[in-house]
Protein chains: 4
Amino acid sequence: MKARSAKRSEKRRDQIVQAAVRLFSEQGYYQTTMEDIAKAADVSKGLIYLYFKDKNDVLFYTLRFVLDMYESDVAPALVGKHNPLAALRIALYGLCRLTNEHVQETVLAYRSSKDLSKRQRLEIKIRESKIGRVFRGCLEACIHERLMLPLNLDIMVYQYIMFCHTWALKNWAFRDKYAFDEYLAEGERILISAFLTPKGRKVFESQRALAAA
Amino acid sequence: MKARSAKRSEKRRDQIVQAAVRLFSEQGYYQTTMEDIAKAADVSKGLIYLYFKDKNDVLFYTLRFVLDMYESDVAPALVGKHNPLAALRIALYGLCRLTNEHVQETVLAYRSSKDLSKRQRLEIKIRESKIGRVFRGCLEACIHERLMLPLNLDIMVYQYIMFCHTWALKNWAFRDKYAFDEYLAEGERILISAFLTPKGRKVFESQRALAAA
Amino acid sequence: MKARSAKRSEKRRDQIVQAAVRLFSEQGYYQTTMEDIAKAADVSKGLIYLYFKDKNDVLFYTLRFVLDMYESDVAPALVGKHNPLAALRIALYGLCRLTNEHVQETVLAYRSSKDLSKRQRLEIKIRESKIGRVFRGCLEACIHERLMLPLNLDIMVYQYIMFCHTWALKNWAFRDKYAFDEYLAEGERILISAFLTPKGRKVFESQRALAAA
Amino acid sequence: MKARSAKRSEKRRDQIVQAAVRLFSEQGYYQTTMEDIAKAADVSKGLIYLYFKDKNDVLFYTLRFVLDMYESDVAPALVGKHNPLAALRIALYGLCRLTNEHVQETVLAYRSSKDLSKRQRLEIKIRESKIGRVFRGCLEACIHERLMLPLNLDIMVYQYIMFCHTWALKNWAFRDKYAFDEYLAEGERILISAFLTPKGRKVFESQRALAAA
DNA sequence: TATGAATGAGCCTTCATTCAT
DNA sequence: CATGAATGAAGGCTCATTCAT
């Protein structure tokens, strides 16, 4: 009984959040009315208020949904990858690919984070730093294994993340000139190759050869 | 007569835009009312409509103002610098410093660009690419003079810009851990040192020695 | 079967009405939602509609409940009191005491009577006049037995009732200055003593002496 | 300039309050929408919010208006009346007459006082007590001049006020049976005559004779 | 030019009521 | 009988924009 209602409840929340993700992404938070969301989610306006406190709460769960999606997509891909350099490349590729698939959602996060309450913003930041930790783990291992030169982890992590996000945030500057693959390849050069040790370079080359085969 | 009125007119516009910059930066575009702007600019609500078509138009000029500020601050600093490596460093420093001084305005640009009309957004992008061209010029020269390894200019330019903007966009992740100077120094390492040729490295070192003296 | 279900049914109604009495009294009719009532009565929202036509119907039964309470509490106390002066005093005391015990409910009746339909309001008035008839009976007997001077019954009856209700309606004006007993004592002076015949005065005095002993 | 705008402003407030008095009186506070008030006051919905904080604020000023009306009508009638007994009668007559002319407004005060904020309610009570002070002054003088027996002023004052209000609050119980004059005459008997000293009685009689002539 | 009173479309939110289970 | 998820009409309030002065 309870399980079923919890399931139904979860279904409803998802229904609404997914509609909100799309609408907020396309039109922005303030341009989207609760009516819009209700229509897109195929529920009544009043129903939304059974599952969310107010419009802002919908935004919060929408942003949380987007960030969770990122983390839950990138992190698992690394499981079992014992080679940290490979892991780093996979993480970079994963986040770049996701960003490419969700350009609008990525932009939404930058547009609307400030519209959350302090408490909500804090939680969003926590979610965001989870994805950062994925990169940090890879980087740390690379450096520890002397595959990469020592670097400031905090800052470098954001170099990786921002490189991916830039594809969304400045996509108008790249779309016409570069394919996604080219952009990504350049990223590897700038963010990985440039910082490899001789040992790292060897590993890196053998990986590329492997991938090419 | 006309000149005077044009001057007065310009003064009015500035008055309003500057108030808008502050308010939009602090509270966001949608949270700021025309009333707020009028009060902050010490003019009447109606007056704003003599100088701007509508609220969106105020946003447009506000963003334009912010971007112009960036360009007009960074570009002149390079005039006369014949050493492209020095110029690149100065540009990076300049944009970083500006971003640090205008965190909120920088964030505003990311929040509100999408709220412009297509035509307006296009012009904003043009302004934005001007600052890009500054970096591009430096980079090009560095590479041409074999101070830096060959790099994809389009992408690298945004690496520089985004590094600076990240200080604003993710300031909550850095503020507590790093001083602005440390962040900037790390930027030089990641974005310049890493890509220097042996010749470039020598020039770079001698510059640092000079600066230290 | 029917008896049992009728009993259960009655129990349900009471459950709901009692919750409504409390909530309406405390927060007012319009501030109280059906949800509130359901929760307070520990039943589901839908159930209320099995026993009441709509929210207004709940109000009607709530007010009826309050008035019935008044009548069923004051009237029985007079049974067997053959001395009409004593009865009058008991009635005054009884209504005053009840009002004191149910300040909010009394105020509710004044706040919300107008929110009933004409038909409902009429029935409420009928219930209200029952309590009036109690006083009228006492008064009539007092006058008939020459204990009190002849007075207009209709108006005098409301003098008694309103004196009691004033304790609730204007309680902020009295609470800090007078104890309930003092207020009541003054009422006896103003509404009974002042209108006694010499004969009535004698009876009155002997009663007070008796009560004091 | 300022004076004119202040005047205009005052006019607007009055316009709105008067519409609100009528509508709240007729339909009650919660049944009246801001739209209703706007229409009745022949202004736009938005305008109301330029002069009042919210709907509750309109109620506050509405009730204040009603109470001010009472006080400003009764009090001046007593100016120059050096005979306190005459003054008391005039006050009673005045408040009764006003109540008769504003039955709905009087009822409104009883219905809606609780819908105010604490602070607002306090001010309303202060206004209400002003009318009480008028009666208190008369009564005090009557007693001081030995025209009336000593009485509890606080309580007696409310006997006078409530007698008048009862005409409104319970008008359904009286309207069909008694004319306003009869009700008032009975009030004088119950609330004045009954408490006169022999000296007071003489003065009272001579006044009535005078009035009859 | 400059003002600010006035407008009214539109939005968020509430809540009485219904109905499938 | 009983539930509570779902509805949607309706209301309070905001604010960009206009216009008489």
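A donor-acceptor pair under 3.5 Å is absent between the side-chain atoms of B/S112 and the main chain of B/D115, judged by distance alone. No donor-acceptor distance shorter than 3.5 angstrom exists from the side chain of A/D68 to the backbone of A/F65, with no hydrogens or angles considered.
Of the residues near DNA chain E, A/Y49 and C/Y49, the one whose nearest nucleotide (by heavy atom distance) lies more toward the 5' end is A/Y49. Two residues, B/K53 and A/D42, neighbour DNA chain F, and the one matched to the more 5' nucleotide by heavy-atom proximity is A/D42. For the pair D/L50 and B/L50, nearest-nucleotide mapping onto DNA chain E gives the more 5' position to B/L50. Toward the 5′ end of DNA chain F lies the nearest nucleotide of D/K55, the other residue of the pair D/K55 and B/N56 mapping further downstream.
To the nearest angstrom, P of F/dG4 lies 20 Å from NZ of A/K7. Between the C1' atom of E/dA6 and the CE atom of B/M34 lies a distance of 16 Å, rounded to the nearest Å. Distance CD1 (C/I48) to P (E/dC15): 14 Å, rounded to an integer number of Å. Atoms CD (C/Q15) and P (F/dC1) sit 13 Å apart, rounded to a whole Å. Straight-line distance from the NZ atom of C/K39 to the P atom of E/dC15: 12 Å, rounded to whole Å. Across the protein-nucleic acid pair, C/E35 atom CD and F/dG4 atom C1' stand 9 Å apart, rounded to whole Å. In this entry the distance linking CG of D/D36 with P of E/dG8 reads 17 Å, nearest Å. The CG atom of D/D54 sits 17 Å away from the P atom of E/dT13 (whole-angstrom rounding).
Comparing F/dA16, E/dA2, E/dC12 by their nearest atom to the side chain of B/L47 picks out E/dA2.
The side chain of D/R8 places no N or O atom within less than 4.0 Å of a non-bridging phosphate oxygen (OP1 or OP2) of F/dT21. For C/R12 and F/dA2, the shortest distance from a side-chain N or O to OP1 or OP2 is below 4.0 Å.
B/F52 comes within 4.0 angstrom of no nucleic acid atom, judged by non-hydrogen atoms across all strands.
For D/K45 and E/dG10, a side-chain-to-base donor-acceptor distance below 3.5 Å is present, hydrogens and geometry of angles not being considered.
Checked for salt-bridge contact, D/R119 and D/E123 miss the test: no charged N lies under 4.0 Å from a carboxylate O.
The two residues B/T62 and B/A20 make their nearest non-hydrogen contact at OG1-CB, 3.4 Å. Closest heavy-atom contact between C/A168 and C/V107: O-CG2, 4.0 Å.
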Dot-bracket for DNA chain F, please, read 5' to 3', with Watson-Crick or G-U wobble pairs under 3.5 Å on both distances, ( ) within the strand, [ ] crossing, | other strand, . unpaired. .||||||||||||||||||||

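With 3.5 Å as the limit, one finds no donor-acceptor pair spanning the side chains of C/Y51 and C/D57.
Note that the OH atom of C/Y29 and the NZ atom of C/K55 stand 5.0 Å from one another [nearest 0.5 Å].
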